[in-house]
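Data first, discussion second: the structure below is written as structure tokens.
Here the structure is a predicted model, which is why all the values come from computation and not from measurement.
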Amino acid sequence: MVDRRLLIVIAVALVVVGIVATSALFIVDQTEQALVLQFGQPRRVIREPGLWVKRPFLEDVKPYDNRLLDFEPPPEEVIVSDQKRLVVDTYTRYRITDPLLFYQTANSEVAVRARLSAMVNGSLRRVLGNVTLSALLSHERPAIMKQIRDEVRDQAKGFGIDVVDVRIRRADLPEENSQAIYARMVSERQQQAAQFRGEGADAQKVRGDGDAQSIRIYADAFGQDKEFFAFYRSMQAYRDALTGHGTSFVLTPDTGFFRFFENSGATATPPAASAGPK
């Protein structure tokens, strides 16, 4: 009977010790830093990873990430100095460097992200309001982003965070402006295409008129002296056919292709050109 009671006491004691140990011991991960609170009041900051002890049931632990964190605020429409409207998409990278100050001012990452969004948007408007669109798209862009980052960093120090970088990912025209520019480009290309088609039609007309005039001249020449015209056309055919080296022809003996060479031996004698009608 006594042994049974002793076992019960030991079991209860072990349970109590386990509960106390669970409440008194906590682990800080390598990616974390912790703030120990007593009844909501900060007591100490733990930056080193490992197993730590706190007062059971009296103290609480609030862990914070010590890694580099990313924040992407929604795109913001701003007006640059040359009165161009831009939709600017940014991202911010920051780190919690002072957990105590972070707890006293922001308390949570959700709250500090809202503050960061306001700081980034305000800095974007101030800085981009003094630069032109061409400067933002030129080699000056890194210096502009550095100015924005420095402004945001100075403001964020009061919340226990260090802003490492602020980057402009995209800077686009508003959707309605993009559609208007696209429509204007399409209209300009259509006008150019119509112009080119009109110039092509004029060229075809000029070429047709030239061909008709050439045919008329040949017809007039043929009508004035048929024999001389036949001789001239044959000379052109000889010139085109006999320009290559080692050209061979397979012709019948009675072909008319070399008829102007039949009686001359080596030299073709053109027929006398008629004087034409008088």
Side-chain angles (χ1 to χ4, degrees), residues 28-37 42 44-50 61-182:
V28 177
D29 191 75
Q30 291 183 348
T31 62
E32 294 178 336
Q33 50 193 334
L35 180 64
V36 179
L37 306 173
R44 54 194 169 121
V45 176
I46 299 176
R47 301 181 185 274
E48 298 297 327
V61 178
K62 196 170 185 64
Y64 293 108
D65 205 322
N66 62 7
R67 294 173 295 182
L68 200 59
L69 304 175
D70 294 332
F71 171 58
E72 299 180 4
E76 186 73 15
E77 184 172 312
V78 300
I79 301 177
V80 292
S81 63
D82 50 0
Q83 301 306 308
K84 299 265 193 330
R85 289 183 176 273
L86 294 177
V87 178
V88 182
D89 188 12
T90 65
Y91 75 89
T92 304
R93 307 184 74 185
Y94 69 97
R95 178 183 284 111
I96 300 174
T97 55
D98 190 339
L100 177 58
L101 184 58
F102 183 85
Y103 173 78
Q104 293 172 338
T105 54
N107 193 18
S108 67
E109 291 187 17
V110 175
V112 83
R113 286 171 182 266
R115 301 287 185 91
L116 273 176
S117 180
M119 287 185 283
V120 171
N121 291 338
S123 181
L124 274 177
R125 294 180 183 277
R126 284 191 299 272
V127 175
L128 298 187
N130 295 319
V131 299
T132 62
L133 176 60
S134 59
L136 183 61
L137 302 178
S138 69
H139 64 279
E140 299 178 23
R141 182 166 177 164
I144 295 173
M145 291 189 295
K146 181 178 181 298
Q147 183 179 354
I148 296 173
R149 184 205 64 188
D150 292 344
E151 284 193 8
V152 176
R153 172 184 285 176
D154 291 341
Q155 298 176 49
K157 287 180 179 178
F159 296 93
I161 61 176
D162 177 36
V163 175
V164 177
D165 198 8
V166 177
R167 293 267 176 185
I168 298 176
R169 294 193 299 186
R170 295 183 60 182
D172 299 328
L173 294 172
E175 183 65 23
E176 58 272 16
N177 292 17
S178 299
Q179 293 296 333
I181 292 173
Y182 177 74

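- When all heavy atoms of Pro42 and Leu37 are compared, the pair lying nearest together is CA-CD2, 3.5 Å.
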Quick one: do Tyr94 and Val112 satisfy side chain to side chain contact (heavy atoms under 4.5 Å, CB included)? Show the steps, please.
CA-CA 11 Å; Tyr94 69 97; Val112 83; 4.0 Å; yes

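- Screening Asp70, Asp162, Val166, Val163 for a side-chain contact (heavy atoms from CB on, under 4.5 Å) involving Arg93 leaves a single residue, Asp70.
- Atom CG of residue Asn66 and atom CD of residue Gln30 lie 9.5 Å apart, to the nearest 0.5 angstrom.
- The shortest side-chain heavy-atom distance between Leu116 and Met119 falls under the 4.5 Å cut-off.
- How far CZ of Arg167 is from CG of Asp89: 14.0 Å, rounded to the nearest 0.5 Å.
- The salt bridge (charged side-chain N to carboxylate O under 4.0 Å, His left out) analysis of residues 115-138, with sequence neighbours excluded, yields the pairs Glu76-Arg125, Arg126-Glu151.
- Residue pairs meeting the ring pair (Phe, Tyr, Trp, His ring centres under 6.0 Å) criterion with at least one member in residues 101-135, sequence neighbours excluded: Tyr64-Phe102.
- Summarising the local packing, CZ of Arg169 is surrounded by more than 12 heavy atoms from other residues, nucleotides or ligands at distances under 6.0 Å.
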Set out, in order, the CA-CA distance, both residues' side-chain angles and the distance that settles side chain to side chain contact (heavy atoms under 4.5 Å, CB included) for Leu128 and Leu86, then state yes or no.
CA-CA 10 Å; Leu128 298 187; Leu86 294 177; 5.7 Å; no

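- Applying the 6.0 Å contact sphere to CZ of Arg141 captures more than 12 heavy atoms from other residues, nucleotides or ligands.
- The main-chain N or O of Ala135 is found under 3.5 Å from a side-chain atom of Ser138 such that the two form a donor-acceptor pair.
- Distance check: Leu136 CG to Ser81 OG gives 10.0 Å after rounding to the nearest 0.5 Å.
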Check step by step if side chain to side chain contact (heavy atoms under 4.5 Å, CB included) holds for Thr92 and Asp165.
CA-CA 6 Å; Thr92 304; Asp165 198 8; over 6 Å; no

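- The two residues Val131 and Val80 come nearest to each other via the heavy atoms O-CB, 3.3 Å.
- For the atom pair CG (Asp98) and CZ (Arg47), the distance works out to 6.0 Å, reported to the nearest 0.5 Å.
- In this structure, Arg170 CZ and Thr90 OG1 are separated by 13.0 Å, a value rounded to the nearest 0.5 Å.
- With rounding to the nearest 0.5 angstrom, the CG atom of Leu35 is 9.5 Å from the CD atom of Gln33.
- The shortest non-hydrogen separation linking Val164 to Arg153 is O-NH2, 3.8 Å.
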